Amino acid sequence: MPDPTNAEIAALLDELGDLYELDGAIIHRVTAYRNAAKAVRDATTSIAARVRAGTVTEIPGIGKTLEEKLVALVETGEIPATVKLRAKFPAGLVQMTRLPGLGPKRARKLFDELGIDSLDALRTAAESQSLRAVKGFGPKFEATVLAALDAGAGEAPRGRVPLHDALAIAEPVLAALREHPASERVELAGSARRWVDSVKDLDIIATASDPAALAQAFAELDLLESAGGIGDAGARGRTHSGLSIDLKIVAPAQFGNLLQHFTGSKQHNVALREAAVKRGLHVSEYGVTDDATGETHHCETEAEVYALLGLPYIEPELRENRGELARDFVAPTLVTVEDLRGDLHSHTTASDGHGTIREMAQAALALGHEYLAVTDHSASHGFGNDVSPKELVAHMAAVRRVSDELDGITLLAGSEVNILTDGTLDYEDDLLAQLDWVVASVHTSFAMTAQEMTDRIVRAIEHPLVDAIGHPTGRLIEQRAAYALDMDAIIEAAARTGTFLEINGSPRRRDLHDVHARAAVDAGVKLIISSDAHRTTTLDNKRWGVATARRAGLGPDAIANTLPLDELLALRAGRR
DNA sequence: GCCGTTTTCGGCCCGACTGTTTTCAGTCG
């Protein structure tokens, strides 16, 4: 029986929280399960391994009781409490709690009094107007619940939008608002400001000389399909693609409070407020109130909010309650796009790219890069985009020729080599030895066991001619989960051999993601941030990789391609 | 169920909204 992954354990803890909530447990106990689930999801090492080692209670939010449940899970594959409660509450009941206006308390009431235990049963009861017989339920609720069921609510959670797509909408909206004569300050808030992988909606915070005029201008944007709630406080809109955008307009004196509140995360804000209460302060979106004086401080900037609480300014990317509010937290200097001196993963027309070597090189030069590795796909890539060994020899020569002809940038003749199912590579070693830079990646056969996939990638990591592992987990945001993999083993192997791990900057990938990037650096692995550009315009994909590194709390020191080329190559020289 | 520069017990963020109520519990973000 394979160990459960952190994601699987987190899902089980969330489910157990839901079940206890239906069972009428006090909310703080339920919250404890949800906090634990979040902690497990964000953990940088294998929880199952920590359970075996007896160190799992070192993770904040996991105490003695949860440890016992996790021990049972790891040893027997199930948690007795879950088994018991699943028998008590049908799965449909949990689904019902996802409907608007129907939380655990009210769903439980319908279950107890009318025996409703599924979305179908709920629909039938609503249609026959029998819900209104229960105290606390009326005709309005019957109508709302039918509308929600017709809209497909409760079945599957509505998909989140990759940040790349959401920002493509947010940026023109922000620009339009900033250009409007009535606007003063306009900032993106919400999870998008924290540069998460994908978002549910967008939040914009503004101050304005004429709030109603700005709200009206927002509502009339062509990007919006509809808008409502238009007034002095802002407006809410919905784009043609179905993304909600909330504009909140506030007095300048409270701009910092509102921006801080709506940037979140929720977990960060809860922890922040708990810490404030211990200092006799109460934080809300409107201000910081002092118990002793009864006075409420308004803050024009976020920095003032944090300063009032005795905290350093915390970058939005770090606001996840992953230790940024700890007493000993030192605000790190986070890596920026400007810190990157070069790019170590790009494609040309030799494989599936859309730019020539020269076009890609000139675009990279225009971005200020000192070096660019041209890493076209290898011999087994397929789709007619493979580069045969013979073609690779000619391609290397062409790359070096262009490199010689251009001033200000050095091109590395590289390859993105396929890691075959057995962990071998699809070029012979004598050919690989002629390359300046080798990225090895998995592009086929994702459906292996975790052990097989781990062995496969570790073998590539251990290959002395492999410099870096590309998009190590293979995930596509909101599209495809990472393949089963023992990330601790991957990180250990990379640290042991000095192989770089990539944070792939493609906005669909951002792979490694932040939790694993953090774990890798803590284990002594050097990372690179790459664009994986397939055309000149996507060379700036590195911004997404930088965002992921910032969310991991990483500074320039953790990223090898912040170094000049000679130092970067020296770092790798020990291996070749 | 977790946790401790107030605590090993008694706390555990904050405010708005909603539909249903005669004063508010539950839900939501």
Side-chain angles (χ1 to χ4, degrees), chain A residues 13-14 16-40 56-70 79 81 96-110 126 131-145 147-148 153 189-191 199-203 205 229 233-234 236 244 246 248 250 254 257-258 260-289 291-292 296 305 309-310 319 321 325-328:
Chain A
L13 293 177
D14 271 329
L16 199 44
D18 288 341
L19 289 169
Y20 275 128
E21 194 171 27
L22 279 171
D23 204 29
I26 60 160
I27 190 62
H28 305 297
R29 185 169 168 218
V30 175
T31 306
Y33 277 89
R34 300 203 170 129
N35 288 342
K38 172 85 163 64
V40 167
V56 76
T57 56
E58 289 171 12
I59 293 172
I62 298 183
K64 205 74 202 141
T65 306
L66 272 164
E67 182 183 36
E68 284 172 22
K69 290 191 157 72
L70 294 178
I79 302 173
M96 283 164 56
T97 66
R98 310 269 185 257
L99 291 170
L102 202 57
K105 292 276 196 301
R106 286 160 60 81
R108 177 69 196 276
K109 200 164 183 189
L110 294 180
L131 294 178
R132 62 187 68 176
V134 181
K135 192 172 157 63
F137 295 82
K140 188 90 184 203
F141 175 75
E142 288 172 349
T144 330
V145 90
S191 57
V199 306
K200 189 164 59 68
D201 49 27
L202 292 169
D203 292 292
I205 312 292
R236 166 174 278 262
S244 288
D246 241 0
K248 293 185 179 67
V250 65
Q254 291 174 310
N257 299 111
L258 207 70
Q260 195 284 323
H261 174 76
F262 280 101
T263 296
S265 66
K266 180 179 175 162
Q267 288 80 6
H268 173 86
N269 283 351
V270 168
L272 185 78
R273 289 165 180 201
E274 285 172 352
V277 168
K278 291 184 177 143
R279 294 171 157 261
L281 300 169
H282 298 274
V283 178
S284 80
E285 57 263 58
Y286 305 110
V288 180
T289 304
D291 267 347
T296 297
V305 178
L309 304 178
R319 299 181 197 169
N321 195 28
L325 295 171
R327 195 165 299 277
D328 57 353

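Side chains included, hydrogens not; waters and symmetry mates left out as well; all remaining heavy atoms used. In what follows, chains are A, B, ... by sequence order, proteins preceding strands, each numbered from 1. Just so we're clear, the structure is a prediction, and the values are computed from it rather than from any experiment.
For R327(A) and dG4(B), the CZ to P distance is 10 Å, given to the nearest whole Å. The NZ-P distance, from K248(A) to dG15(B), rounds to 16 Å in whole Å. Following rounding to the nearest Å, Q260(A) (CD) and dG29(B) (P) show an atom-to-atom distance of 19 Å. The interatomic distance linking E274(A) (CD) with dT6(B) (C1') rounds to 16 Å, in whole Å. As a whole-Å value, the separation of D291(A) CG from dC14(B) P is 9 Å. What separates NE2 of H28(A) from C1' of dC14(B) is a distance of 14 Å, to the nearest Å. Across the protein-nucleic acid pair, R236(A) atom CZ and dC28(B) atom P stand 14 Å apart, rounded to whole Å. Distance CZ (R106(A)) to P (dG19(B)): 10 Å, rounded to an integer number of Å.
Residue contacts shown for R29(A) include a base, since a base heavy atom lies under 4.0 Å away. No engagement by F262(A) is indicated, since no non-hydrogen atom pair under 4.0 Å with the nucleic acid exists. Within the 4.0 angstrom heavy-atom criterion, no nucleotide atom of any strand lies near H261(A). Across all strands shown, K109(A) has no heavy atoms under 4.0 Å from either base or sugar-phosphate atoms. As judged by a 4.0 angstrom heavy-atom cut-off over every strand, V30(A) is placed among residues making no nucleic acid contact. Residue-level contact check: I26(A) touches the bases, meaning some heavy atom is under 4.0 Å from a base atom.
Nucleotides dT27(B) and dT21(B) are separated by 16 Å at their C1' atoms, to the nearest Å. dG11(B) and dA16(B) have their P atoms separated by 26 Å, given to the nearest Å. Between dT22(B) and dC17(B), the distance separating the two P atoms is 22 Å to the nearest Å. Distance noted for atom P between dT20(B) and dC14(B): 30 Å (whole Å). A gap of 23 Å separates the P atoms of dT6(B) and dC2(B), to the nearest Å. A distance of about 25 Å separates the C1' atoms of dT23(B) and dG29(B), rounded to the whole Å.
Here dG15(B) is the nucleotide among dG15(B), dG26(B), dC2(B) with the atom lying nearest to any side-chain atom of E285(A). In this structure, of dG1(B), dC13(B), dG15(B), it is dG15(B) that holds the atom nearest to the side chain of S284(A). When distances are taken from the side chain of P60(A) to each of dG15(B), dC12(B), dC3(B), the shortest belongs to dC3(B). Distances from the side chain of Y286(A) to the nucleotides dA16(B), dC13(B), dT21(B) place dA16(B) closest. Closest to the side chain of P100(A), from the set dC14(B), dA16(B), dC28(B), is dC28(B). Among the nucleotides dG15(B), dT27(B), dG19(B), the one closest to the side chain of K140(A) is dG19(B). Candidate nucleotides dT27(B), dC13(B), dG1(B) were compared by shortest atom distance to the side chain of P104(A), and dT27(B) ranks first. Set against dT20(B), dC2(B), dC14(B), the side chain of P139(A) has dT20(B) as its closest nucleotide. Comparing dT5(B), dC14(B), dG1(B) against the side chain of V277(A) picks out dC14(B) as the nearest. You'll find that the side chain of K278(A) is closest to dT6(B), out of dT6(B), dT27(B), dA16(B).
Here H282(A) does not reach the OP1 or OP2 of dC13(B): none of its side-chain N or O atoms lies under 4.0 Å away. Between T65(A) and dC2(B) there is a side-chain polar atom (N or O) within less than 4.0 angstrom of OP1 or OP2.
When every heavy atom of A148(A) is checked against every heavy atom of L99(A), the shortest pair comes out as CB-CD2, 4.3 Å. Across every non-hydrogen atom of A81(A) and Y20(A), the tightest pair is CB-OH, 3.4 Å.
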Is there a side chain to side chain contact (heavy atoms under 4.5 Å, CB included) between R108(A) and T97(A) once you walk through the steps? CA-CA 9 Å; R108(A) 177 69 196 276; T97(A) 66; over 6 Å; no
Residue pair Q260(A), N269(A): steps toward the side chain to side chain donor-acceptor pair (under 3.5 Å) verdict: CA-CA 9 Å; Q260(A) 195 284 323; N269(A) 283 351; 3.0 Å; yes
Is there a side chain to side chain contact (heavy atoms under 4.5 Å, CB included) between L19(A) and Y33(A) once you walk through the steps? CA-CA 10 Å; L19(A) 289 169; Y33(A) 277 89; over 6 Å; no
Side chain to side chain contact (heavy atoms under 4.5 Å, CB included) evaluation trace for T296(A) with Y286(A): CA-CA 9 Å; T296(A) 297; Y286(A) 305 110; over 6 Å; no
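Comparing G138(A) and K69(A), the nucleotide of DNA chain B nearest to each residue sits closer to the 5' end for K69(A). Along DNA chain B, the nucleotide nearest to Y20(A) and the one nearest to K135(A) differ in position, and the one closer to the 5' end is contacted by Y20(A).
Contact check on R34(A) versus D18(A) returns a salt bridge, with a Lys/Arg side-chain nitrogen under 4.0 Å from an Asp/Glu carboxylate oxygen.
R29(A) has its side chain out of reach of E21(A): every pair of non-hydrogen atoms, C-beta onward, lies at least 4.5 Å apart.
With a cut-off of 3.5 Å on both Watson-Crick or G-U wobble distances, the partner of dT8(B) is given as none.
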